[in-house]
Amino acid sequence: MPHDFRLYNTLTRKVETFAPLHEGKVGLYLCGNTVYSDAHIGHGRAMMVFDMVVRHLRARGWDVRFVRNFTDVDDKIIAAAAETGEDPLALSARFIDRYREDAAALGLVEPTVEPKVSTHIDAIIDMVSKLVERGHAYENEGTVWFSVESKADYGKLSGQKVDELRSADVGSKRNAADFALWKGAKPGEPSWDSPWGPGRPGWHIECSAMSSKHLGEVFDIHGGGLDLVFPHHENEIAQSECAHGTEPMARYWMHNGLLTMPSGQKMGKSKGNAFGIRDLLAQYPAEALRLYYLQSHYRSPLPWDPATGAQMDESLAMLARLYEAREVAEAMGGEESAEEVAAALGDDARRVLELGQSFEERFLAAMDDDFNTAQALGVTFELARAINRFANHKKAKKRGAPVVAPALKGFQQLTSSMGLLGMSTQAFLDEVKAKRLQALGVERSEIEQLLVDRTQARADKDWARADAIRDELEAKSIVVMDRADGVDWKIRLVSAEA
RNA sequence: GGCGCCAUACCCAAGUGGUUAAGGGACGGGUUUGCAAAACCUGUAUGCGGCGGUUCGAAUCCGCCUGGCGCCUCCA
């Protein structure tokens with residue numbers, strides 16, 4: 001299936017047509033987390049954005065090899081372990097387990113390979129040795145530094161020039177911008193033997209070593225948060241290209257935008273304003289968060305206001321609308337041809353048929369244009385509205401199936417490319433209710449009893465009592481919905497209270 | 001000081017040279033309903049931070065200005 005797929009490349013600062021190195025195959029490396037604390041929703045955005053990238057590339061027929069690493073040996077981890085007296089590697093192992101739980105809870109596809117630093121020390125030492133041999137690195141008192149002056153195009157990713165950097169002390173380095181490949185061991189720190197004595201890897205080298213080991217010296221796409229462009233990714237490029245003598249290290253560099261707080265500041269562990277993924281998933285289904293992230297373009301900054309749940313409530317309501325529209329369409333029957341139904345049931349039938357038929361092309365055109373998920377979702381909501389509009393017709397339920405069939409196929413595309421609508425409507429609604437009730441501190445049995453009472457009152461045409469019960473439920477944030485086939489209820493959204 | 005990015009309605013957010021400026025929320029009116037809710041219909045930017053310029057034509061390109069953010073130190 002040949003198609004034009006376009007992608008913004010940080011390296012060239014342009015949107016480019018994507019062509020993988022090897023026909024039909026894509027190698028993708030994503031900088032995962034440094035595991036010394038739980039992931040917050042800023043990490044969640046990167047996780048979710050690249051999950052969408054992997055899903056969509058696969059949906060488009062590419063065989064994607066997806067590598068996402070753990071940095072489990074690092075200054076921050078050592079510092080965190082020192083505070084609790086825990087062994088640094090035990091601490092990082094603990095947070096790796098928690099990260100995996102979060103990833104599963106978010107509904108992320110599993111990486112093909114999930115390497116970590118502590119099991120790649122040999123590859124790292126080999127790479128550092130090569131850099132020393134080739135004259136790109138030098139050792140000083142057990143620490144090995146990369147020499148930025150040894151690479152003429154150092155700074156090509158971030159546009160930085162070595163002499164323009166605002167730098168710290170030169171210390172024992174030749175140039176203030178030189179960075180550590182291997183750090184000599186200090187007492188009490190985890191360390192491994194090396195040609196330069198006991199020590200541990202510097203911050204950037206692990207990604208160079210692990211990406212080349214699992215994807216090759218030159219691979220297709222390297223991803224990460226925008227805040228990693230410099231110095232992390234810049235330094236990865238320098239190390240990899242100098243060690244291997246090949247370039248580019250990665251042919252396309254993708255960076256997701258950051259979550260910003262009301263002050264405009266980004267969310268970050270170091271800012272002390274992080275909001276945990278676990279806290280959020282206790283209250284909302286993962287797909288609501290996924291929809292929230294994908295409503296805006298992955299490169300834009302995304303506002304997050306922890307003071308109100310309005311954003312998540314809005315996303316949850318939008319998602320529920322999609323699930324319900326799909327449910328409505330699935331419930332339709334009929335054996336005629338789509339043309340017959342469209343001719344018999346009028347403009348709304350024809351419109352839902354035509355929108356369904358053109359959906360895939362419009363949806364994919366948006367997704368293939370640098371992952372324009374916002375536009376793809378816009379197209380999806382148009383389709384949902386057309387379904388609901390058509391569903392208002394008396395004969396839609398009995399005869400509508402043929403004209404909504406293309407729309408239902410379209411929803412499958414949404415699932416495969418974006419990971420939305422991945423569960424049954426019933427399971428989704430149950431999860432929403434359970435999580436929202438938990439957050440509100442309301443018992444489900446209590447609600448169900450009140451609904452039984454109200455149904456009886458309605459059967460008796462005791463409207464005053466029925467309304468009184470509804471008011472009582474309303475006070476608990478429960479909204480009652482009478483339907484032809486019974487009664488349903490939902491949690492009123494926080495934003496509706498304002 | 002250096003390198004980059006952003007500014008679209010009350011809010012979120014697509015659109016980056018040419019028909020009526022997507023989509024969602026909020027709010028008003030309506031259909032429906034015992035009353036509601038949901039759903040659907042309908043209204044709400046002659047306007048795209050400001051000022052100039054290029055062009056037959058600009059939210060879209062160029063310049064300046066204003067406001068804001070990221071990176072240069074750990075960060076998705």
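Proteins get letters first, then strands, A, B, ... in listed order; numbering begins at 1 in each.
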> What is the distance, rounded to the nearest whole Å, between atom OH of A/Tyr8 and atom P of B/rG4?
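Spelled out: OH on A/Tyr8 to P on B/rG4 is 10 Å.
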> Taking atom P of B/rC11 as reference, at what distance in whole Å does atom CH2 of A/Trp304 sit?
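After rounding, the reported distance stands at 20 Å.
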> Would you say B/rG24 has OP1 or OP2 under 4.0 Å from some side-chain N or O of A/Ser296?
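For B/rG24, neither OP1 nor OP2 has a side-chain N or O of A/Ser296 closer than 4.0 Å.
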> Please report, rounded to the nearest Å, how far the P atom of B/rA76 is from the OH atom of A/Tyr293.
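So the two atoms are 13 Å apart, to the nearest Å.
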> May I ask you to say what A/Leu226 touches in the nucleic acid, namely base, sugar-phosphate or nothing, with a heavy-atom cut-off under 4.0 Å?
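Contact class for A/Leu226: none.
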> Could you state the atom-to-atom distance from CG of A/Leu106 to C1' of B/rA76 in whole Å?
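It works out to 13 Å between those atoms.
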> Across all strands, who's sitting opposite B/rG52 as a Watson-Crick or G-U wobble pair, both distances under 3.5 Å?
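Base partner found: B/rC62.
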> Not counting sequence neighbours, which residues clear salt bridge (charged side-chain N to carboxylate O under 4.0 Å, His left out) with A/Glu86? List them please.
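A/Arg94.
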> What is the nucleic acid contact for A/Arg362, judged by heavy atoms within less than 4.0 Å: base, sugar-phosphate only, or nothing?
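Contact class for A/Arg362: none.
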> Tell me: CG of A/Leu429 to P of B/rA38, nearest whole Å?
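About 15 Å, once rounded to whole Å.
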> Side chain of A/Asp482, base of B/rC35: donor and acceptor closer than 3.5 Å?
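In this structure, the two groups form a donor-acceptor pair.
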> Can you tell me if A/Arg389 touches the phosphate of B/rC41, counting only side-chain N or O atoms and a distance under 4.0 Å to OP1 or OP2?
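Looking at the OP1 and OP2 atoms of B/rC41, one of them is under 4.0 Å from a side-chain N or O of A/Arg389.
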> Does A/His297 reach a base, just sugar-phosphate, or nothing at all? Heavy atoms under 4.0 Å.
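Touches sugar-phosphate only.
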> Map A/Gly42 and A/Tyr292 onto RNA chain B by nearest heavy atom, then report which one ends up closer to the 5' terminus.
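Its nucleotide being nearer the 5' end, the pick is A/Tyr292.
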> List the steps, then state whether ring pair (Phe, Tyr, Trp, His ring centres under 6.0 Å) holds for A/His40 with A/Phe275.
CA-CA 5 Å; A/His40 59 67; A/Phe275 193 89; 9.9 Å; no
> Using a distance-only criterion (donor-acceptor N/O pair, under 3.5 Å, no hydrogens), is the base of B/rG23 paired with the side chain of A/Arg385?
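Counting by modelled atom types and ignoring angles, no donor-acceptor contact under 3.5 Å is found here.
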> How long is the line joining CZ of A/Arg454 and P of B/rA37, in whole Å?
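Answer to the nearest Å: 12 Å.
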> How many Å lie between CZ on A/Phe359 and C1' on B/rA22, as a whole number?
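Checked: the CZ to C1' distance equals 14 Å.
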> B/rC5 base to A/Arg299 side chain: any donor-acceptor pair below 3.5 Å?
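Flag unset: no donor-acceptor pair detected.
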> Does B/rA45 have a Watson-Crick or wobble partner in any strand here, with both distances under 3.5 angstrom, and which is it?
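None - no nucleotide pairs with B/rA45, as no candidate has both distances under 3.5 Å.
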> For the atom pair CD (A/Gln311) and CD (A/Glu314), what is the distance rounded to the nearest 0.5 Å?
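Answer for the CD-CD pair, A/Gln311 versus A/Glu314, is 8.0 Å.
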> Is there a side-chain polar atom (N or O) of A/Asn372 under 4.0 Å from OP1 or OP2 of B/rG15?
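For B/rG15, OP1 or OP2 has a side-chain N or O of A/Asn372 closer than 4.0 Å.
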> State whether the distance check finds a donor on one side and an acceptor on the other, under 3.5 Å, for side chain A/Asp313 versus base B/rG25.
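There is none.
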> Verify the stacking flag for A/Trp463 against B/rG34: centroid separation must be under 5.5 angstrom and the ring planes must differ by under 30 degrees.
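Base of B/rG34: stacked against A/Trp463.
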> Looking at every strand, decide which applies to A/Val229 at a 4.0 Å heavy-atom threshold: base, sugar-phosphate, or nothing.
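A/Val229: no heavy atom of the nucleic acid under 4.0 Å.
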> Taking only the side-chain nitrogens and oxygens of A/Arg321, find out if one of them lies under 4.0 Å from OP1 or OP2 of B/rG24.
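A/Arg321 to B/rG24 OP1/OP2: side-chain N or O found under 4.0 Å.
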> Assess whether one donor atom and one acceptor atom, taken from the side chain of A/Glu314 and the base of B/rG24, lie less than 3.5 Å apart.
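Checked by distance alone, the answer is yes.
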